[in-house]
Amino acid sequence: MFASARSFQNYLAIIVTALISSLFLFPAYAQQDDDVKPIGHIELSNPADLTKQQAEQIYLSVLPEIKAIFAMSDIGAATKYTSWKRYNNAPYISATHGARYVDNYANEIAKDYGKLKRGETYPKGSILAKDSFSVTSDQSIFPGALFLMEKMGKGFNKPSGDWKYTMVLPDGSVFGTTNGENSDIVEFCIGCHAAKATLDHIFYVPKGYSKDP
Ligand code: HEC
């Protein structure tokens with residue numbers, strides 16, 4: 001299963017960081033959910049267990065609301081990422097991003113998202129955006145955080161591969177951003193993504209969910 005001891009090590013690093021970071025993420029989310037209003041309701045017998053088609057339908061139906069929420073943000077990418085190319089064919093649950101359904105977008109500069117060869121890097125100005133939502137057992141749909149990675153100039157932040165990580169809360173406010181507001185609370189992003197250092201810290205969407213075959 002693992003090509004080398006190194007990739008096994010990377011795998012372990014991801015799991016450990018996921019466990020640690022969930023300690024960070026879940027309290028923040030739990031607290032936040034009290035004030036976050038649902039953006040839709042659905043009629044399903046088991047909303048926790050959506051099919052790919054159901055997840056896609058729900059996402060498309062609440063996308064205008066998600067868009068309106070992030071349009072309130074001061075972060076430029078948050079206000080326009082939904083006009084960029086989307087790279088996944090249906091929302092999938094991301095255990096590493098708060099166990100929400102997520103979707104991936106990349107701007108024009110990052111058009112080689114997922115196609116990079118080992119050792120190559122994305123151009124400065126590349127931005128990747130991942131929005132998220134959850135579906136609760138009482139059939140409500142809640143908006144989740146927006147996760148951003150922006151490629152900065154050389155020397156911005158060596159451990160992060162010069163990526164600026166930003167987490168935007170579902171009211172448009174910034175939870176943390178590398179080398180900026182609350183930089184320390186988004187440091188765990190860097191640690192986990194560094195497992196993919198040979199691919200410029202990028203994981204890409206899971207198998208079976210990529211729009212590009
Ligand atoms: C424990 C590991 C882990 C942590 C922590 C983590 N990520 Fe990720 N990230 C991943 C994985 C795995 C993927 C691809 C699969 C997925 O979406 O779940 C990904 C994908 C992404 C993507 C799409 C680009 C890509 O790599 O394909 C963005 C943007 C992103 N993460 C931002 C963030 C931000 C911002 C944070 C911190 C607030 C963060 N991530 C924390 C593991 C992590």
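Fair warning: this is a prediction, and the values are worked out from it, not measured in the lab. We count ligands from 1, going down the list as the structure has it; atoms in each ligand are counted the same way. All values below come from the heavy atoms of this structure, side chains included, with hydrogens, waters and symmetry mates left out.
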No-hydrogen, no-angle side-chain donor-acceptor test under 3.5 Å, Asn157 and Asn179
yes
Taking distance alone, with N or O pairs closer than 3.5 Å, would you say Leu148 contacts ligand 1?
no
Hey, does Tyr204 come in under 3.5 Å of ligand 1, counting only N/O atoms on both sides?
yes
Closest non-hydrogen contact found for Ser210 with Val205 is CA-CG2, 3.6 Å
Does Phe175 have a heavy atom less than 4.0 Å from any atom of ligand 1?
no
Describe, in one word, how the ring planes of Tyr105 and Tyr59 are oriented to each other, choosing from parallel (under 30°), tilted (30 to 60°) and perpendicular (over 60°).
tilted
In the single-linkage hydrophobic clustering (I, L, V, M, F, W, Y; side-chain heavy atoms under 4.5 Å), do Met149 and Ile190 co-cluster?
yes
Less than 3.5 Å between some nitrogen or oxygen of Tyr165 and one of ligand 1, yes or no?
no
Subset of ligand 1 atoms that lie under 4.0 Å from at least one heavy atom of Asn104
23 (C)
Return yes when at least one N/O/S atom of Cys189 is nearer than 2.8 Å to atom 8 (Fe) of ligand 1, and no when none is.
no
pair Ile202-Leu128: side-chain heavy atoms closer than 4.5 Å:
yes
Output the list of atoms in ligand 1 that are nearer than 4.0 Å to some heavy atom of Met167, sorted by atom number.
38 (C)
Does Tyr87 have Lys85 sitting over its ring (NZ/CZ under 6.0 Å from centre, angle to axis within 45°)?
yes
Suppose I only count heavy atoms of Ile202 and a 4.0 Å limit; which atoms of ligand 1 are within that range?
25 (C), 26 (O), 27 (O)
Would you say Tyr81 and Asp131 are linked by a side-chain donor-acceptor pair, where the criterion is simply a distance under 3.5 Å?
yes
Can you tell me, to 10 degrees, how wide the angle at atom 8 (Fe) of ligand 1 is between NE2 on His193 and NE2 on His97?
180°
Distance filter under 4.0 Å to Thr166 heavy atoms, resulting ligand 1 atoms:
35 (C)
